[in-house]
Protein chains: 2
Amino acid sequence: MKEVTLKDIAQILGISVTTVSKALKGYKDVSPETRKSVMMLAENLNYKPNTVALNLKNRETRTIGLIIPAIVHNFFSSVMHGIIAEAEKNGYLVIILQSNESSELEKKQIELLIDKRVDGILMSIVDITAEHEHIKKIIDKEIPLVLFDQVIDEIECSKVTIDDQRAAYNAVSTLIKNGNKKIVHLRGPENSINAKWRCEGYEKALNDHGITADPSLIYVCDGYSIEDGKEFAEKALNDHPDADAIFCITDLVAVGAIAHLNERGIKIPEQISVMGFSNSPIASIISPSLSSVDQPATQMGKESASLLIEEIAKRKEKESISHYQVQLPTNIIERESTLTKVLN
Amino acid sequence: MKEVTLKDIAQILGISVTTVSKALKGYKDVSPETRKSVMMLAENLNYKPNTVALNLKNRETRTIGLIIPAIVHNFFSSVMHGIIAEAEKNGYLVIILQSNESSELEKKQIELLIDKRVDGILMSIVDITAEHEHIKKIIDKEIPLVLFDQVIDEIECSKVTIDDQRAAYNAVSTLIKNGNKKIVHLRGPENSINAKWRCEGYEKALNDHGITADPSLIYVCDGYSIEDGKEFAEKALNDHPDADAIFCITDLVAVGAIAHLNERGIKIPEQISVMGFSNSPIASIISPSLSSVDQPATQMGKESASLLIEEIAKRKEKESISHYQVQLPTNIIERESTLTKVLN
DNA sequence: TAGTGTAACGAAAACGTTTGCGGTTAATAT
DNA sequence: ATATTAACCGCAAACGTTTTCGTTACACTA
């Protein structure tokens with residue numbers, strides 16, 4: 001059951017390993033007859049070059065590493081999908097690791113990938129406020145790196161994101177356009193750059209439409225969870241019974257908010273409109289269906305992988321490399337939860 | 001930026017590579033002083049053994065391959081999660097590939113993993129009616145293989161599944177217990193072994209409760225999708241207006257069925273009960289909330305990975321290997337969609 | 001006949017490890 | 001003084017490739 005090697009072929013044919021290798025790789029200094037017999041034998045024995053040996057020789061593994069905060073998560077699954085597809089198309093395989101919302105774990109996963117000698121690393125940063133020396137280490141080791149979704153300026157590399165601020169701006173503008181004025185924002189935690197940008201977009205939209213932003217309308221959901229949505233929707237409505245819309249950092253939070261409103265018998269969107277973020281599958285399933293910001297997750301994956309692979313290739317050819325900041329377009333998907341109040 | 005090697009350390013210290021290696025690996029034939037200086041220098045230079053070289057030497061890659069039908073899918077995400085966690089705990093990394101519902105692609109992915117020389121392969125078979133010579137090839141090459149979720153008898157290897165027949169049996173029994181008699185089954189396609197078992201469980205439950213199974217109550221959903229659920233729920237209700245329950249092959253199909261029932265103004269569960277399968281997150285979000293069969297997906301992943309890694313270890317030690325068929329327990333989660341009709 | 005050219009092949013080094021074995025030195029035993 | 005032993009070290013082969021540089025043998029030219 002041993003795998004057949006060049007040596008096996010050489011021995012059978014009574015020639016040297018060198019010649020066998022050359023014959024297979026199309027070198028010109030091997031006679032047509034030798035070449036033919038080598039080719040045929042290789043075919044018959046189903047010879048496959050040993051990838052590991054090639055990895056050692058070529059100093060590349062044709063493997064890229066991916067670190068994501070959570071695997072069981074629609075957005076990240078979709079990103080993964082894009083990455084794996086793009087990688088495979090270019091002859092790369094993907095090793096996936098989970099940082100699980102922990103900066104410590106993230107550091108460990110980076111070490112694992114470096115030790116594994118992946119050709120490049122793709123990641124979404126788990127906590128932008130934590131130390132990121134471990135990320136700089138990737139750069140220092142000259143391992144190509146592309147950040148997506150959650151990125152930070154301090155790291156010199158290509159980045160793929162959406163324009164969170166503009167997306168939130170558009171979402172809130174839609175709410176305003178539909179007749180809402182007192183808009184609650186259930187935002188994400190401080191250590192998320194997305195949360196920060198989205199909150200700024202929310203404030204900017206209010207200002208641009210002549211509504212003065214009221215900080216007391218902003219609540220911080222640390223967990224992005226349905227429970228958070230329920231809890232803070234309740235709190236918000238107790239504090240501001242006259243609120244007419246809720247803009248949520250993510251669909252799950254919105255689902256929680258909707259659940260709470262339903263429980264309380266508050267009509268959506270007649271009394272309160274709800275806007276989510278990410279356009280995950282639940283958005284169209286829940287009742288009332290949830291308006292949301294569509295995020296091109298799969299494309300984000302593809303784009304990130306493409307950028308990374310390009311950089312790997314350029315480094316190999318010793319070409320000069322430049323970094324890109326790609327921002328993917330988003331779309332507001334309007335559903336029942338934000339139907340205009342004017343019509344009612 | 002070159003990685004530091006044993007040779008570097010040897011040169012600096014003026015000793016041989018052999019001695020450096022031995023010092024680091026704790027061989028006894030190296031003097032305490034030499035050992036100490038080697039250790040210190042290795043520490044200072046941050047020496048990390050070259051994994052690729054070790055892979056070549058040891059004929060192992062400490063990598064396992066995973067092939068799943070679809071990445072963006074709650075069940076498979078959860079399985080992945082379990083696999084990755086268990087693998088990492090044992091010093092293995094995971095390469096993930098998608099067979100995308102195509103037996104052809106599945107074959108290609110297997111080739112990729114074999115070429116990559118993974119130490120073992122984990123997969124859920126995409127189509128049990130298709131040729132599976134490509135899967136036998138894994139066995140022939142003596143590469144450890146563990147099948148999960150969708151498995152077939154013809155392949156000699158360890159397998160991890162749930163007891164689909166019993167799970168379906170319990171689900172349908174619950175429906176019957178709650179007062180339902182004319183139960184529609186939206187089943188999966190013929191090429192899915194799960195669908196076959198679940199359908200048999202459905203029939204057995206009916207029989208055991210004195211209800212004669214009516215084949216015209218069974219509909220085949222090829223795509224497991226919401227659309228399928230809508231389409232076949234409609235068809236079923238047109239054919240059998242007096243049906244009082246629907247047992248669905250999967251939660252998504254159930255969601256489609258519920259959507260159709262809601263549209264039609266049919267009350268759930270008063271007029272028709274709905275039972276799903278998998279207990280995905282949407283089950284508790286949708287309204288009415290969906291009763292479903294809870295499948296321990298993460299544990300399935302852990303168990304599969306554990307079995308695979310064990311087999312890898314045994315082969316390495318030339319121990320005799322035996323294969324296991326693990327069946328994980330399931331649970332019926334009763335929610336609003338199947339509240340008992342007797343109480344109404 | 002000596003010199004030049006060319007076609008075909010192989011030796012060896014390299015990628016970075018590990019490990020069996022042999023060799024050298026010094027210390028101990030007879 | 002000689003023999004035995006132990007402690008310490010390094011050579012070389014091995015894992016499977018690729019590629020540079022020789023080497024050989026032969027044919028052709030002057």
Side-chain angles (χ1 to χ4, degrees), chain A residues 1-39 41-42 45-63 91 114-119 141 315-316, chain B residues 1-39 41-42 45-63 91 114-119 141 315-316:
Chain A
M1 276 311 113
K2 211 177 123 289
E3 292 293 329
V4 18
T5 69
L6 290 183
K7 196 199 250 183
D8 298 329
I9 298 182
Q11 270 166 356
I12 294 176
L13 258 36
I15 58 180
S16 78
V17 171
T18 304
T19 305
V20 176
S21 173
K22 286 180 176 173
L24 290 174
K25 298 213 68 181
Y27 276 60
K28 50 272 151 268
D29 61 344
V30 35
S31 75
E33 309 88 59
T34 317
R35 154 160 303 124
K36 197 172 160 198
S37 52
V38 168
M39 298 278 246
L41 187 56
L45 298 181
N46 193 24
Y47 167 77
K48 292 276 180 58
N50 183 318
T51 321
V52 181
L54 288 179
N55 288 345
L56 179 58
K57 180 132 250 287
N58 299 335
R59 282 192 185 69
E60 61 167 12
T61 54
R62 290 249 133 205
T63 301
I114 293 180
D115 281 0
K116 191 73 179 181
R117 279 170 164 79
V118 294
D119 293 342
K141 292 220 160 217
R315 290 226 203 201
K316 202 176 169 189
Chain B
M1 279 310 110
K2 210 176 123 287
E3 292 293 328
V4 18
T5 69
L6 291 183
K7 197 200 251 181
D8 297 330
I9 298 182
Q11 270 167 357
I12 293 176
L13 257 36
I15 58 180
S16 78
V17 171
T18 304
T19 305
V20 176
S21 172
K22 286 181 176 171
L24 290 174
K25 298 213 67 180
Y27 275 62
K28 51 269 152 265
D29 60 345
V30 35
S31 75
E33 309 88 60
T34 319
R35 155 160 306 123
K36 196 173 162 198
S37 53
V38 168
M39 299 279 247
L41 187 55
L45 298 181
N46 193 23
Y47 166 77
K48 293 279 180 57
N50 183 319
T51 321
V52 181
L54 289 179
N55 288 344
L56 179 59
K57 179 129 249 283
N58 300 335
R59 283 192 185 69
E60 61 168 12
T61 54
R62 289 251 135 203
T63 301
I114 293 180
D115 281 0
K116 191 73 179 181
R117 276 167 166 82
V118 294
D119 294 342
K141 292 220 161 215
R315 291 225 201 200
K316 202 176 167 191

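Not measured: the values here are computed from a predicted model. Throughout, a chain's letter reflects where its sequence line sits, starting with A, and its residues are numbered from 1.
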Worksheet item: Under 6.0 Å from the NZ atom of B:Lys36, do we count more than 12 heavy atoms belonging to anything else shown?
Response: no
Measure the shortest side-chain to side-chain distance between [X] and [Y] over non-hydrogen atoms and say whether it is less than 4.5 angstrom.
X	Y	result
B:Val38	B:Leu24	yes
A:Leu13	A:Thr19	no
B:Arg59	B:Arg117	no
B:Lys2	B:Asp8	yes

Atom-pair distance ([atom1] on [X]; [atom2] on [N]), nearest Å:
X	N	atom1	atom2	result
B:Asp8	C:dT17	CG	C1'	13 Å
B:Asn50	C:dA14	CG	P	17 Å
B:Lys7	C:dT18	NZ	C1'	16 Å

Fill in: Distance, nearest 0.5 Å, that separates CD1 of A:Ile9 from CE of A:Met39
11.0 Å
Worksheet, complete the sentence: Exactly one of B:Asn55, B:Asp119, B:Thr51 clears side chain to side chain donor-acceptor pair (under 3.5 Å) with B:Thr61, and that residue is B:Asp119
Fill in: Sugar-phosphate only, base, or nothing, as touched by A:Leu54 at under 4.0 Å among non-hydrogen atoms
sugar-phosphate
Practice prompt. Please find the earliest and latest nucleotides of DNA chain D, in the 5' to 3' direction, that have an atom within less than 4.0 Å of any heavy atom of chain B.
Written response: D:dC8 to D:dG16
Practice prompt. Summarise how protein sits on nucleotides 5-11 of chain C as a single string, 5' to 3': B when a protein heavy atom is under 4.0 Å from the base, S for sugar-phosphate-only contact, - for no contact.
Written response: ---SBBB
Practice prompt. Using side-chain contact (heavy atoms from CB on, under 4.5 Å) as the criterion, list what pairs up with A:Lys7, not counting sequence neighbours.
Written response: A:Thr5, A:Gln11, A:Val17
